[in-house]
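As structure tokens, the structure follows; a few thoughts come after it.
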Amino acid sequence: MSERVLVVSSNTGESTGLIETAHAFAGGDGSVALLELTQGGPYPSRVRRIYRVSTPEFDSARGDHISAALVSATRDFEPSVVVSGPAKVAREALARAGAVVRAPSITGVRNPRVTADGVEWSRDLLSGNATSIERVSTRPVFLSLSAVPTTGEGGHDPDPSPEIVPLQVVLPAYPFRRVSVQPKPPGGLNLEAADRIVSIGRGLQKKEDLALIEALAKRWGAAVGCTRPIAAESGWLSDDHWVGLTGHRVRPSLYVAIGISGAAQHLVGMRDSKVVVAINQDANAPIFQQADYQVVGDLYAIVPELTRRLAAGTRAPS
Ligand SMILES: Cc1cc2nc3c(=O)[nH]c(=O)nc-3n(C[C@H](O)[C@H](O)[C@H](O)COP(=O)(O)OP(=O)(O)OC[C@H]3O[C@@H](n4cnc5c(N)ncnc54)[C@H](O)[C@@H]3O)c2cc1C
């Protein structure tokens, strides 16, 4: 069966990955349209129609505005599937629009596919320790992906002249407006790209003691990671350092977990690391089940000693 797929996206980089996914999904006879929230392109893959919002007050950072545009585009294009990336605002928009057009709206979708029985996808359950396979036989269905694929393989020829459809949207009259947007400062930490990570948890007693961890990380040429409480509760490190289900998913060659208990939500973010070293004073800490090297003891004794030995010329593990 061929599908009509509508992609919702606000930046060219993301749109490209989503359009590729949409083509794979639509099949040879299907067609792909794009609800373009901020003007971008050209898109390397073929798009039959581009819906471009022309309402001056439209704010592409507001889920209720995107939802209004999505309802209009859905009524016009009549897609069988709507696909977005994982951004919060996109998820909000799909949920709102899904409620209006009476379509199920699903988040965290991996590997969407068409089967003889309907549209099927996978989703993580239990902090990624189980996978749920789900299927719906009705259309349309709204899917927001857990991650935007960075493919480029098998791309279609770009269509030099997709049909551009200006979209006049009736915006909701909610009594709030965006005052300003403050982009993240450039040059922040890219934890996913780090080859070595020294990560700290609540075993650390105070913010000043981060210096111990940073000194070890520097010796190892590693980035500093942390558990959620260190970023979200104490605020000792920014979200850029946060590893786990709701943080970054990393896969370095070396992950050193210091004063980290090993909660399932943390493990899901680092379990693909090649070599894991855990330092914890509790011999029964769950992190040890995940560790290749287990060091039972007080981090305040072990970390400075490790740093000192590395400084003295002991080779870092390769
Ligand atoms: C919906 C949801 C999402 C979540 N997402 C995430 C996520 O993305 N990432 C994440 O990390 N967590 C996440 N959490 C929180 C998670 O459940 C744990 O609470 C958290 O990971 C625990 O952090 P921790 O290991 O630093 O602290 P703790 O569990 O308190 O562990 C501290 C560890 O330090 C050890 N320790 C104490 N003192 C020393 C010492 N001097 N020397 C050596 N060891 C010492 C202790 O033995 C203990 O094992 C989430 C929770 C929920 C409900």
Side-chain angles (χ1 to χ4, degrees), residues 86-88 91-92 95 106-110 123-132 144 146-147 188-194 196-217 220 222-252 254-273 276-310:
K88 246 183 212 164
R91 284 183 276 144
E92 180 194 338
I106 318 292
T107 59
V109 166
R110 288 192 288 108
R123 289 207 299 166
D124 281 349
L125 277 188
L126 303 170
S127 305
N129 288 311
T131 299
S132 162
S144 81
S146 61
L189 176 66
N190 182 0
L191 206 59
E192 278 94 350
R196 293 174 181 185
I197 296 175
V198 170
S199 208
I200 184 64
R202 233 170 359 195
L204 201 72
Q205 284 164 13
K206 53 186 189 303
K207 186 178 181 184
E208 293 68 42
D209 298 343
L210 273 175
L212 293 175
I213 306 303
E214 285 161 355
L216 178 61
W220 245 319
V224 174
C226 68
T227 58
R228 181 166 91 161
I230 298 296
E233 289 164 24
S234 311
W236 294 348
L237 288 169
S238 69
D239 293 0
D240 292 346
H241 300 261
W242 169 350
V243 174
L245 179 68
T246 44
H248 298 277
R249 300 197 182 198
V250 298
R251 41 173 60 211
L254 175 68
Y255 190 86
V256 186
I258 303 173
I260 292 175
S261 59
Q265 295 89 353
H266 186 77
L267 297 183
V268 74
M270 48 66 73
R271 66 181 172 199
D272 293 331
S273 305
V276 175
V277 178
I279 302 171
N280 199 303
Q281 65 185 9
D282 175 4
N284 296 316
I287 188 72
F288 284 137
Q289 289 167 20
Q290 197 74 27
D292 301 285
Y293 297 93
Q294 309 170 349
V295 185
V296 180
D298 182 356
L299 73 89
Y300 285 91
I302 293 163
V303 171
E305 179 63 13
L306 198 50
T307 310
R308 195 186 62 73
R309 289 198 188 191
L310 287 166

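Just so you know, ligand 1 is whichever comes first in the structure, and atom 1 is the first atom listed for that ligand. From a predicted model like this one, the values you see are computed outputs, not experimental measurements.
- When side chains are defined from C-beta on, Leu306 counts as touching Leu216, because their heavy atoms get closer than 4.5 Å.
- Listed by chain and number, residues touching ligand 1 at under 4.0 Å (heavy atoms only) are Gly201, Arg202, Gly203, Thr227, Arg228, Pro229, Trp242, Val243, Gly244, Leu245, Thr246, Gly247, Gly259, Ile260, Ser261, Ala263, Gln265, His266, Asn280, Gln281, Asp282, Gly297, Asp298, Leu299, Tyr300.
- With contacts defined as side-chain heavy-atom distances shorter than 4.5 Å, the pair Leu191/Asp240 does not qualify.
- At least one side-chain heavy atom of Glu192 sits less than 4.5 Å from a side-chain heavy atom of Asn190.
- Counting heavy atoms from C-beta on, the side chains of Ile200 and Leu237 come closer than 4.5 Å.
- The pair Lys88-Glu92 fails the salt-bridge criterion, with no side-chain N (NZ, NE, NH1 or NH2) lying under 4.0 Å from an Asp/Glu carboxylate O.
- Every residue was checked against the side chain to side chain donor-acceptor pair (under 3.5 Å) condition with His241, not counting sequence neighbours, and none meets it.
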